[in-house]
Number of protein chains: 2
Amino acid sequence: MQEGYKGKAYDVLKKLNIDIGDLIEIKKGDLIVRGILLPSYSRDDRIIVIKLDNGYNIGISIENISEIKVLSKSLQKTTERESSKSAYKKTKSEIKIISTGGTIVSKVEYETGAVRPALSTEEIIQFLPEINEIADIDAEILFSILSENMKPEYWIKIARAVKDAFDKGNSGVVIAHGTDTMAYTASALAFSLQSLEGPVVLVGSQRSSDRPSSDSAINLLSSVLVAKHAPFGEVVVNMHAESSDTFTLVHRGVKVRKMHSSRRDAFQSINDKPLAKVLWKERKLTMLREDYITKKTETTLDAKFDERVFLLYYYPGLSRELIEQIISNTKIRGLIIAGTGLGHTSSEYVELFKKATKDGIFIGMTTQCLFGRVNMNVYTTGRQLLDAGVTPLEDMLPEVALVKLMWVLAHEQDLEKIRNMMTTNLVGEINPRHTLDLYPRWLYE
Amino acid sequence: MQEGYKGKAYDVLKKLNIDIGDLIEIKKGDLIVRGILLPSYSRDDRIIVIKLDNGYNIGISIENISEIKVLSKSLQKTTERESSKSAYKKTKSEIKIISTGGTIVSKVEYETGAVRPALSTEEIIQFLPEINEIADIDAEILFSILSENMKPEYWIKIARAVKDAFDKGNSGVVIAHGTDTMAYTASALAFSLQSLEGPVVLVGSQRSSDRPSSDSAINLLSSVLVAKHAPFGEVVVNMHAESSDTFTLVHRGVKVRKMHSSRRDAFQSINDKPLAKVLWKERKLTMLREDYITKKTETTLDAKFDERVFLLYYYPGLSRELIEQIISNTKIRGLIIAGTGLGHTSSEYVELFKKATKDGIFIGMTTQCLFGRVNMNVYTTGRQLLDAGVTPLEDMLPEVALVKLMWVLAHEQDLEKIRNMMTTNLVGEINPRHTLDLYPRWLYE
């Protein structure tokens, strides 16, 4: 079986009777490449894709290849793989993989070159057979969407699937998710599942699995390790930690943010230390902190969100009329401001905010700096905003504060109770103590 | 003269005939402190404030002091300082300091403990007499506002004052500014003053000058060095570079962002290397790049801004009706989206954006990741947004894109011309080539 291969590459593989999964060696000039033949997702029909020992996939043109030999045939023959489909419909497993879509389970469409999500549970496990060595895996495709299309109703479905997985006896859950909004989903799950029997690990990939530099395999493998071995009952994000491939970092779901549009180490903890580190080659999980949320005997589900909120990013020149319109002409119940510095907006809005909070609208202040804490007692404007009823939200990220507000508003009607919940540290979204090493370093070498 | 001192501290200073500016030595137990007596802004009447050799100010309680002696009297007696007021109204100077307010020129009010801006040009220069050794300084208080209250009409006034300063023969300009919106002002000035005879250096401080750990002195001193010696004609931000006090970094005004609410090294270049480094103790400016904008023979002023814009921060659950309302019920002419990842929003908005761009509204895409570049050709949603007329804005920061849009809209009416200007690299706001070292490192030691 030479899945996905066409044209010249197919002809060569067919002729030499090379199947997907075979360990092969290719000689091309001075270059010798050894690895496992993967299905092709390339539009170029001369390219064959090999998974190297270091976890990387590379694409090699079959042109000018001097020799290809099979070092060992795949143990998992096509027929076996076909029949194993049913094996994933398990009644009992250790770790459940819930796929929601995104690059980590994506393939490149032959025709358009566009990336599409995997279509079957088999495609997921087949993609990385080693994970079955770590734990007894069950996989489920909950839905297949690009994460920019994620919304609160899907958060609820994912939360239910997590609860269901623990109820069925799994000891950990891995959620494959697009990276764009993964941090938002992590927050939504953290507030919805405050008591957990085991780790809930969100994982994604910044480069699709057909690309040589894909982080899919390492991220998924290490996430299964975390789900199986981590001592906590928390929602976390596990992603590549640096531009080389040595380890991944496990970030608390309510303190993590996608900080780069394309790098594999895009996800970083903000105002917080990661919980753990995974050396994927050594299959080793090292805890970096001991103040994690422990596993509970029961998983509780409380997933409700009120979407009548707005995230207002403050900037000089922001029109007061526009804010007034957003607040009054719409039905919003809460506003999160990404203010400047220690938590400011122009003092021109003070009266407007005072009226809004009197009308029962919650207004919470975060900082667009992202790093550091809001402190509205230092400058006059901050004190005026406090007097107007604006609630300072400590070191919560704007996005986390927004998701928390959606969750809180679905549970409370009274403004004082909403304020109280918003400033209460529910699942580690507030870090009361910052150390100097939480701020990254810019090194220009 | 013992400005600001009251009660016990005043009595001691008066009795020993110690004046502001005197070099004194204090013995207290085993501790010996040597430095220059500063005016007091402490509410505690037992505290005297000393400026140490390393630039730090410290407050010491006069209680249990075993000895205070005067090592040398201030050369600048009260009467001289009083009379020197008029000396700052110069007809000819080398460097002009324009003060707009903010912490760098702030003092703590005795009564309330609140921070207020300096009230006179003398207060500014008196605060750091050493700057007169570097260059012939003229200072002007343009206005005294907290920078969260900054708005486009003030940007125009600052730009005019800069033009005026160069026209009067100054070779560099330093602008004292609050840190909250300093990066926005830097962008506004960069687009308004595209031809400059010398450096325009924005500087602020994260800790007011009465505080022991104030960065005011170092930042102001090194900014005067930059204004005097830098080879470029660019708008830059010069601020503390790391948590110790060794150097400051000079950031391109359109590539800098306040990344921390309180740290002194809050300002960092994003997707760009700083232009220069200043070792303030050694009075040494080192260029880190050679691709700066050179000095021109004439300074041109073109400061106009159209405020009919909005910065939309995308998140899952953002209501389509709300966006529709912002676009249609208001008179906005342009929208900057801080999208997810490579430049996405939910595909639900595609039709809405298509209609808006057809109606002549500019919609530009940036990434809320901040680091990295927008690339809307990778995923389906990105391509749909491109088809809808959304313009990808490379690696421009959302805030910079917003200020640029205000400037562009004030100059162009035609949507194609607006698009063209927004994607043209006017003053280095787009960095076409990213190197690995532009992304900071999170080091958990």
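Labels below follow one simple rule: chain letters A, B, ... track the order of the sequence lines, proteins then strands, and each chain is numbered from 1. All figures in this text were calculated on a predicted structure; none of them were measured in a lab.
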Residue among A/I326, A/T179, A/L249 with most heavy-atom pairs under 4.5 Å to chain B: A/I326
Ranking A/G339, A/P316, A/G372 by heavy-atom pairs under 4.5 Å to chain B gives rank one to A/P316
Just verifying a value: how many Å separate A/I158 CD1 and A/T100 OG1, rounded to the nearest 0.5 Å? 5.0 Å
Would you mind telling me which of B/S147, B/S346, B/P398 has the largest number of heavy-atom pairs within less than 4.5 Å of chain A? B/S346
Heavy-atom distance under 4.5 Å to chain B: side chain of A/E399, backbone, both or neither? side chain
According to the interplanar angle, ranging from 0 to 90°, do the rings of B/Y439 and B/W442 count as parallel (below 30°), tilted (30 to 60°) or perpendicular (above 60°)? tilted
Using the side chain to side chain contact (heavy atoms under 4.5 Å, CB included) criterion, which residues pair with B/R373? Sequence neighbours excluded. B/E394, B/D395, B/H434
Which heavy atom in B/L342 sits nearest to a heavy atom in A/S262, and how many Å separate them? CD2-CB, 4.3 Å
Most contact-rich option vs chain A, by heavy-atom pairs under 4.5 angstrom, among B/S319, B/C369, B/P152, is B/C369
Checking heavy atoms, do the side chain of A/I336, its backbone, both or neither come under 4.5 Å from chain B? neither
Please flag which part of B/Y154 lies under 4.5 Å from any non-hydrogen atom of chain A: side chain, backbone, both or neither. neither
Which atoms of A/S347 come close to chain B, meaning under 4.5 Å heavy atom to heavy atom: side chain ones, backbone ones, both, or neither? both
Name the option with the most non-hydrogen atom pairs under 4.5 Å to chain A; the candidates are B/A338, B/S269, B/G343. B/S269
Applying a strict 4.5 Å limit to non-hydrogen atoms, the region of A/L288 in contact with chain B is neither
Within the distance-only criterion (no hydrogens, no angle test), does the side chain of A/R333 pair as donor or acceptor with the backbone N or O of A/L409 below 3.5 angstrom? yes
Under a 4.5 Å cut-off applied to non-hydrogen side-chain atoms, are A/E242 and B/R441 in contact? no
Among A/T435, A/N375, A/L322, A/N377, who wins on heavy-atom pairs under 4.5 Å with chain B? A/L322
Chain A contact via B/Q368 - which portion, at a heavy-atom distance below 4.5 Å: both
Before giving the answer on ring-ring contact (aromatic ring centres under 6.0 Å, His included), spell out for A/F267 and A/H251 the whole-Å C-alpha distance, their side-chain angles and the decisive distance to 0.1 Å. CA-CA 8 Å; A/F267 281 78; A/H251 308 276; 7.5 Å; no
Measure distances from A/F305 to the heavy atoms of chain B and classify the residue's part below 4.5 Å as side chain, backbone, both or neither. neither
Between B/L370, B/T381, B/T181, B/N271, which shows the greatest number of heavy-atom pairs under 4.5 Å with chain A? B/T381
Between B/F310, B/Y314, B/W155, who has the most heavy-atom pairs with chain A when the cutoff is under 4.5 Å? B/F310
Does this structure show an ion pair linking A/D306 with A/K331, if we count only N-O contacts that are shorter than 4.0 Å? no
I'd like to know which of B/T345, B/V374, B/T367 tops the heavy-atom pair count under 4.5 Å against chain A. B/T345
Heavy atoms only: give me the nearest A/S187-A/V400 pair and the separation to one decimal. OG-CG2, 3.4 Å
Selection from A/M150, A/R257, A/Q268 maximising heavy-atom pairs under 4.5 Å formed with chain B: A/Q268
Evaluate salt bridge (charged side-chain N to carboxylate O under 4.0 Å, His left out) for A/E348 paired with B/K151, printing each intermediate quantity in order. CA-CA 11 Å; A/E348 280 185 13; B/K151 44 180 149 177; 2.4 Å; yes
Is A/Y315 reaching over with its side chain to a backbone N or O of B/V403, donor-acceptor style, under 3.5 angstrom? no
In terms of heavy-atom pairs under 4.5 Å with chain B, the winner among A/I332, A/L311, A/L318, A/L438 is A/L311
Closest heavy-atom pair, A/M259 versus B/M259, reported as atoms and distance to 0.1 Å, is CE-CE, 4.3 Å
Pick one of side chain, backbone, both or neither for A/Y184, based on which atoms fall under 4.5 Å of a heavy atom in chain B. side chain
